[in-house]
Amino acid sequence: MTVKFIIGHWTGGGLNPNRIDLTSYQLLIDGAGELHKGLAVGCASSTGGMNSITYNIACCGGLSTSKITPVQIEKFFKTCAEKINEYNLTVDDFYTHAEIGEMCRGYKLKSKGYLYDKNHKIITDIIQYNSYLDQNIGKIDLTKLPYMSGNAFKTGAFIRAKIYWYLKKINPAK
C-alpha cells in the first residue's frame with residue numbers, strides 16, 4: 001500500500017499503550033518517549049476513510065487524566081519527520097486527526113450550502129470524498145500539547161513547524 005499521509009493521533013487513554021491501542025495505529029509513543037509498533041499500514045482503523053493510505057502515529061494519553069509529556073511530544077515530532085523522510089513525503093503531507101475531522105466538517109458544510117472557514121482546506125482538497133470520512137468529524141487529537149493548545153488548525157500548523165525542524169536535521173534536502 002502507498003502511504004500518502006502521516007496522521008497524528010492521541011489515544012485518549014493512559015500514557016502506556018494497551019491492547020486496543022496496539023491494534024489501532026502503526027506506531028505509538030508512550031509517556032517516556034518509547035516507541036511501540038502497532039499494525040501494518042492498511043491493517044489498523046485509525047482514520048476513517050483513509051486507513052489504506054495513511055501511516056498513523058499516536059501519542060499515548062492526551063486527555064486531562066493522562067496529559068502528553070514533553071519528552072513524548074518531542075519524540076513524536078522527530079518520529080513524524082523520520083516517517084515523512086522514509087515515505088518520501090513532505091511536511092504538508094502531515095495532518096492531525098483533529099484537522100482531518102475539521103476538513104471533513106468543512107466539506108459537509110460546503111456541500112449543504114453553509115458557511116465554512118475558507119482559510120482552511122476541506123477534505124476533498126486532499127482526497128476523494130467517501131462516507132467513511134464522516135467518522136473523523138469531532139476528533140480533537142493533538143489540540144492540547146504540553147506547551148500550547150488551540151484549535152485543530154493552530155496546533156496542526158505548530159506541529160508541522162516542529163516536524164519541519166527535525167526533518168531539516170535528518171534530510172537537509174527536504
Side-chain angles (χ1 to χ4, degrees), residues 3-51 53-84 86-87 89 91-106 120-121 123 126 132-167:
V3 172
K4 295 183 180 181
F5 304 101
I6 305 293
I7 308 296
H9 300 265
W10 63 25
T11 64
L15 291 174
N16 292 302
N18 61 38
R19 184 181 52 78
I20 294 171
D21 296 340
L22 292 168
T23 61
S24 299
Y25 308 97
Q26 278 71 48
L27 193 62
L28 295 104
I29 304 170
D30 68 24
E34 297 297 319
L35 298 177
H36 301 266
K37 284 192 169 207
L39 298 179
V41 172
C43 295
S45 56
S46 314
T47 310
M50 298 178 72
N51 290 311
I53 59 170
T54 56
Y55 190 94
N56 297 276
I57 303 173
C59 289
C60 296
L63 299 179
S64 60
T65 55
S66 304
K67 294 179 182 178
I68 294 172
T69 67
V71 68
Q72 179 183 31
I73 199 67
E74 286 300 322
K75 183 68 169 196
F76 174 81
F77 300 145
K78 183 178 183 208
T79 303
C80 287
E82 291 167 350
K83 291 299 176 184
I84 284 169
E86 178 182 335
Y87 287 105
L89 302 172
V91 172
D92 293 330
D93 298 317
F94 171 87
Y95 296 99
T96 68
H97 200 187
E99 286 179 296
I100 296 296
E102 286 303 307
M103 288 191 284
C104 292
R105 183 189 321 276
H120 300 291
K121 293 178 182 176
I123 199 66
I126 64 169
Y132 295 105
L133 289 165
D134 294 347
Q135 298 170 31
N136 301 302
I137 296 172
K139 299 298 182 183
I140 60 170
D141 300 43
L142 301 173
T143 55
K144 292 182 183 177
L145 305 175
Y147 30 75
M148 69 99 55
S149 62
N151 69 36
F153 297 114
K154 180 179 177 183
T155 57
F158 176 82
I159 292 169
R160 275 186 291 284
K162 293 289 284 186
I163 293 170
Y164 182 75
W165 185 85
Y166 278 105
L167 187 59

Would you indicate whether the side-chain heavy atoms of [Y] and [X] approach each other to under 4.5 Å?
X	Y	answer
Lys121	Glu99	no
Met103	Tyr95	yes
Asp30	Leu15	no
Lys4	Asp93	no
Ile159	Phe76	yes
Asn16	Cys60	no

For [X] and [Y], which heavy atoms make the closest approach, and how far apart are they?
X	Y	value
Ile57	Cys80	CD1-SG, 3.9 Å
Ile100	Ile126	CD1-CD1, 4.1 Å
Tyr147	Ile73	OH-CG2, 3.5 Å
Ile68	Leu142	CD1-CD2, 3.7 Å
Thr54	Gln26	O-OE1, 3.8 Å
Ile140	Trp10	O-CZ2, 3.3 Å

Worksheet item: Checking side-chain contact (heavy atoms from CB on, under 4.5 Å) for the pair Leu89/Phe5: CA distance, chi angles, key distance, verdict?
Response: CA-CA 8 Å; Leu89 302 172; Phe5 304 101; 5.9 Å; no
Going from [atom1] on [X] to [atom2] on [Y], what distance comes out if it is rounded to the nearest 0.5 angstrom?
X	Y	atom1	atom2	value
Thr11	Ile29	OG1	CD1	11.5 Å
Ile163	Phe158	CD1	CZ	10.5 Å
Lys154	Leu145	NZ	CG	10.5 Å
Asn136	Glu102	CG	CD	11.0 Å
Leu27	Lys83	CG	NZ	6.0 Å
Cys104	Gln135	SG	CD	9.5 Å

Worksheet item: Do the side-chain N and O atoms of Tyr166 and Glu82 include a donor-acceptor pair separated by under 3.5 angstrom?
Response: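 No, no side-chain donor-acceptor pair sits under 3.5 Å.
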Report, one line per pair, each donor and acceptor closer than 3.5 Å where one atom sits in a side chain of residues 41-48; sequence neighbours left out.
residue	atom	partner	partner atom	Å
Ser46	OG	Ser24	O	2.3
Thr47	OG1	His9	NE2	3.3
Thr47	OG1	Asn56	OD1	2.8

Worksheet entry | N-O pairing of Glu74 and Lys162 below 4.0 Å |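 Salt bridge flag = yes for Lys162 with Glu74.
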Worksheet item: Is the side chain of Ser66 donor-acceptor paired with the backbone N or O of Gly13 at a distance under 3.5 Å, no angle test?
Response: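 The answer is yes, because a donor-acceptor pair under 3.5 Å joins these two groups.
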